[in-house]
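First comes the structure, then the notes that go with it.
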Amino acid sequence: MRTPTNERLTHDIDEGPASGASGSERRCILSGKTFPREDLLRLAVSPPDADGVSHVLPDPGAKAPGRGAWIVPDREALESALEEGHLKRALLRAFRGARLAIPDDLAGRIEAALSRSLADRLGLELRAGHVVLGSSRIEEQARAGRIELLLHARDSSEDGRKRLDQAWRVGSDAEGSGLRGEVLPLDRAALSVALGRDNVVHLGVSHPRGQGAGGSSPASRVAHAASRLSNYMAGAAERSGAHALSAGTADASGVGTRNT
């Protein structure tokens, strides 16, 4: 389905003064509140099938043509809205009476889509030489101040995390700050598949030397993808609490990175 040249790709756009890198905001169809575009998740619909029904699908990259509807990425809130019918009513308003089919497993599909987005981002940064693997090498690079973002698999050991977190604090001149790596909602098997390597338990993302202040860094791109998945899985209550890297420096995505 092609979009006419002058038709907006999104629903309920609230475009005020530029407030972030994207310079635009969107309104969550469930809460009615406006957020930076990058903090929300877009839902799109497929072209109508033979019966005239369009299927609602997650669009984490916000690239699908046609109208879109935006929601806060919070699995618990989404499942409640699905069960109580709020999501269906909001989508019917957003897509202006279209005949819609909302899959019962939409929450799971969104989780899978966000996981794929993180895996794709990690793969891209690995191929670009920005991802550091192997505990010994991560520790060495972290102590040298070359690690911008530190991530741990969900099933990593506490001892392993503590050792690398300490090395990261030393290299970041952040001893005593409580700075520590993000524990992802992905286990080592998922990370290993994403990166095409065996037994990926920890990983670091470096910040390329010589990069100017403008534009995003590899660490911020990975942090954003990781934050969207973690926040979706955690729910709003935990997201507002002090978890993961609350004591460290946080970028716009909400995931901590070291001070630079």
Side-chain angles (χ1 to χ4, degrees), residues 9-10 13-26 34-42 58-64 68 70-73 110 113-133 138 141-142 144-152 168 171-174 179-186 191 194-195 200 202-234 239 243-260:
L9 292 181
T10 56
I13 299 175
D14 182 6
E15 295 184 356
S19 60
S22 69
S24 61
E25 295 181 327
R26 301 291 187 269
T34 300
F35 299 89
R37 179 182 186 274
E38 60 269 20
D39 290 347
L40 297 177
L41 174 75
R42 187 173 187 257
D59 179 26
K63 295 179 180 179
W70 299 78
I71 60 172
V72 172
I110 290 173
L114 291 174
S115 296
R116 284 195 301 273
S117 292
L118 174 56
D120 290 346
R121 172 50 56 190
L122 288 172
L124 286 171
E125 301 300 347
L126 176 67
R127 289 191 289 276
H130 301 147
V131 174
V132 181
L133 300 175
I138 293 171
Q141 295 292 304
R146 297 173 185 150
I147 296 297
E148 180 71 13
L149 178 68
L150 179 62
L151 301 172
H152 307 297
W168 195 34
S172 302
D173 292 326
L179 180 69
R180 59 190 184 276
E182 173 83 357
V183 179
L184 296 170
L186 300 177
L191 287 176
L195 293 169
V200 177
H202 312 277
L203 63 93
V205 184
S206 60
H207 187 76
R209 294 184 179 276
Q211 179 171 321
S216 63
S217 69
S220 67
R221 293 191 292 267
V222 172
H224 181 256
S227 177
R228 294 180 81 197
L229 177 60
S230 294
N231 290 347
Y232 179 72
M233 299 289 291
R239 183 161 64 246
H243 75 295
L245 302 180
S246 57
T249 301
D251 67 4
S253 69
V255 174
T257 55
R258 77 172 181 87
N259 294 316
T260 55

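Quantities reported herein were computed from a predicted structural model and do not represent experimental measurements.
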Tell me, please, which residues at least two apart from His152 pass side-chain hydrogen bond (donor to acceptor under 3.5 Å, both in side chains). Asp165, His202
Flag, side chain of Asp59 to backbone of Lys63, donor-acceptor distance under 3.5 Å: yes
Non-neighbouring partners of Ser206 that pass side-chain contact (heavy atoms from CB on, under 4.5 Å), sequence neighbours left out: His130
How far does CG of Leu114 sit from CG of Leu41, to the nearest 0.5 angstrom? 5.5 Å
If only atom types and distance count, is the side chain of Arg121 paired as donor or acceptor with the main-chain N or O of His224 below 3.5 Å? no
Quick one: does any side-chain atom of Arg42 pair with a main-chain N or O of Ile71 as donor and acceptor, under 3.5 Å? no
Rounded to the nearest 0.5 Å, what separates atom OG in Ser227 from atom CG in Leu184? 10.5 Å
Side-chain donor/acceptor of Trp168 to backbone N/O of Leu179, under 3.5 Å: no
Could you check whether any side-chain heavy atom of Leu229 comes within less than 4.5 Å of a side-chain heavy atom of Leu186, counting everything from C-beta outward? yes
Check side-chain contact (heavy atoms from CB on, under 4.5 Å) between Arg116 and all other residues, then give those that pass, not counting sequence neighbours. Ala112, Ala113
With the side chain counted from C-beta on, respond yes when Val222 and Val131 share a heavy-atom pair under 4.5 Å apart, and no when they do not. no
Answer whether the closest heavy-atom distance between the side chains of Leu40 and Val72 falls below 4.5 Å. yes
Indicate the atoms forming the closest heavy-atom contact of Leu191 with Leu203, along with that distance. CD2-CD2, 4.3 Å
Atom OG of Ser24 and atom CZ of Arg37: how far apart are they, to the nearest 0.5 Å? 5.5 Å
Give, for atom OG of Ser230 and atom CD of Glu182, the distance between the pair rounded to the nearest 0.5 Å. 4.5 Å
Beyond-backbone contact of Asp39 with Asn231, side-chain heavy atoms, under 4.5 angstrom: no
As an exercise, state the distance from CZ of Arg26 to CD of Glu38, rounded to the nearest 0.5 Å. 10.0 Å
Nearest non-hydrogen partners of Pro60 and Arg228, listed with the distance: O-NH1, 3.0 Å
If you look at every heavy atom in Pro58 and Ile110, which pair is closest and at what distance? CB-CG1, 3.7 Å
